[in-house]
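Written out below as structure tokens is the structure these notes cover.
Quick note: numbers below take in every heavy atom, side chains included, and nothing from hydrogens, waters or symmetry partners.
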Amino acid sequence: MIDISERAQAHFLRLLSTQGSDGLGIRLRVVAAGTPAAQCELEFCEAGELTGNEWTVECKGFNLYVDGDSVRWLDPADIDYETNATGGQLNIRAPRIKGEEPGEGSSLVERVRYVLEAEIAPRVASHGGRISLIEVDADGVVILQFGGGCHGCGMVDVTLKNGVEKTLRERIPEITEVRDATDHKSGKTPFYAGASGASALT
């Protein structure tokens, strides 16, 4: 699954030795898995901080703990440490981390979900919002639900029509319309309240 070179293991061991804590390990997880924004995150980890769903990779002098939800994105993966004139660079190569764009035989739902997760959701998340797919009907109408900073936001219609719907229809010509199924009246924490008190998602 994950191949960690001897140079990378030695590098991790050097970092761990500077922390002054016995039994410390390294935890690896994937953030925004399956999207163009996907990346790996590494952090020091004590045994008491483990959740129980990690996969343990035994290395020389320490353990690497791989987040359970990240495992499928890191199969395979190579971790290496390359030295250079300014010191060195840790490289993690995981070809599946960003996912694969659905092919010609993929369903309309699969293609809509991919565009949402790969392009639209990261942009919405950058403003504190969330977006999820409810359904795609036989007429090509996409039903979405907003959350987070978008829930109750007075500018969500602009986001829906000028951002979300425009992107989906450009990428997937079969889409005829995009609708919002969110009950915005129950939203209590819009991302941004303008001077007039109206909410706005910029």
Side-chain angles (χ1 to χ4, degrees), residues 1-84 86-107 109-136 144-149:
M1 180 183 71
I2 298 178
D3 180 40
I4 310 176
S5 71
E6 291 189 2
R7 294 185 300 186
Q9 292 186 49
H11 173 66
F12 285 139
L13 202 54
R14 283 194 300 272
L15 293 176
L16 289 164
S17 68
T18 66
Q19 298 304 302
S21 177
D22 294 334
L24 201 61
I26 302 282
R27 180 159 46 197
L28 169 64
R29 70 186 183 111
V30 178
V31 178
T35 76
Q39 60 181 344
C40 289
E41 284 191 353
L42 291 162
E43 61 184 358
F44 296 118
C45 177
E46 294 185 1
E49 298 173 325
L50 299 175
T51 63
N53 77 329
E54 296 87 358
W55 287 42
T56 303
V57 180
E58 295 183 359
C59 301
K60 292 183 178 178
F62 69 97
N63 286 331
L64 176 75
Y65 302 105
V66 183
D67 177 72
D69 294 334
S70 301
V71 169
R72 71 187 185 100
W73 304 101
L74 297 169
D75 186 13
D78 296 301
I79 303 176
D80 192 19
Y81 184 77
E82 300 174 1
T83 57
N84 54 44
T86 59
Q89 174 71 44
L90 184 70
N91 294 312
I92 302 177
R93 295 180 182 87
R96 298 185 60 213
I97 192 175
K98 297 183 185 293
E100 297 179 5
E101 187 170 355
E104 290 183 10
S106 301
S107 70
V109 172
E110 288 175 316
R111 287 181 287 147
V112 169
R113 184 173 287 117
Y114 178 81
V115 174
L116 278 175
E117 293 178 353
E119 297 185 47
I120 297 170
R123 294 202 299 259
V124 172
S126 71
H127 294 285
R130 297 190 307 274
I131 188 169
S132 56
L133 177 65
I134 303 298
E135 69 171 313
V136 181
L144 302 173
Q145 185 162 357
F146 287 89

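Proximity of Phe12 to Ile79: side-chain heavy atoms (C-beta onward) are separated by under 4.5 Å at one or more points. Proximity of Leu24 to Phe62: side-chain heavy atoms (C-beta onward) are nowhere separated by under 4.5 Å. Using a 4.5 Å heavy-atom cutoff, the side chains of Leu28 and Tyr65 are not in contact. By the 4.5 Å heavy-atom criterion applied to side chains, Leu90 and Leu42 are counted as neighbours. Counting heavy atoms from C-beta on, the side chains of Gln9 and Leu13 never come closer than 4.5 Å.
Neither side chain, Gln89 nor Asn84, offers a donor N or O lying under 3.5 Å from an acceptor on the other.
Heavy atoms from other residues, nucleotides or ligands lying under 6.0 Å from CD of Gln19 number more than 12.
Minimum heavy-atom separation, Lys98 to Ala38: NZ-O, 3.3 Å. Closest heavy-atom contact between Pro102 and Ser106: CB-OG, 3.1 Å.
Salt bridge Glu6/Lys60: present, at least one basic N to carboxylate O contact under 4.0 Å.
For Tyr81, the ring pair (Phe, Tyr, Trp, His ring centres under 6.0 Å) criterion is met by His11, not counting sequence neighbours. Ser17 pairs by the side-chain contact (heavy atoms from CB on, under 4.5 Å) definition with nothing, not counting sequence neighbours. Not counting sequence neighbours, the partners of Gln39 by the side-chain contact (heavy atoms from CB on, under 4.5 Å) test are Val31. Residues meeting the side-chain contact (heavy atoms from CB on, under 4.5 Å) test with Thr18, sequence neighbours left out: none.
To the nearest 0.5 Å, the span separating CG on Leu144 from CZ on Arg130 amounts to 14.0 Å. Summarising the geometry, atom CD belonging to Glu46 is positioned 10.5 Å from atom CZ belonging to Arg27; distances are rounded to the nearest 0.5 Å.
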In a table with atom names and distances, give each donor-acceptor pair under 3.5 Å that connects a side chain of residues 114-122 to protein atoms at least two apart or in another chain.
unit_1	atom_1	unit_2	atom_2	d
Glu119	OE1	Arg171	NE	3.1
Glu119	OE1	Arg171	NH2	2.9
Glu119	OE2	Arg171	NE	2.9

Per-pair distances, 0.1 Å, donor-acceptor, side chain in residues 70-77, under 3.5 Å, sequence neighbours excluded:
unit_1	atom_1	unit_2	atom_2	d
Ser70	OG	Val30	N	2.9
Ser70	OG	Asp67	OD2	3.2

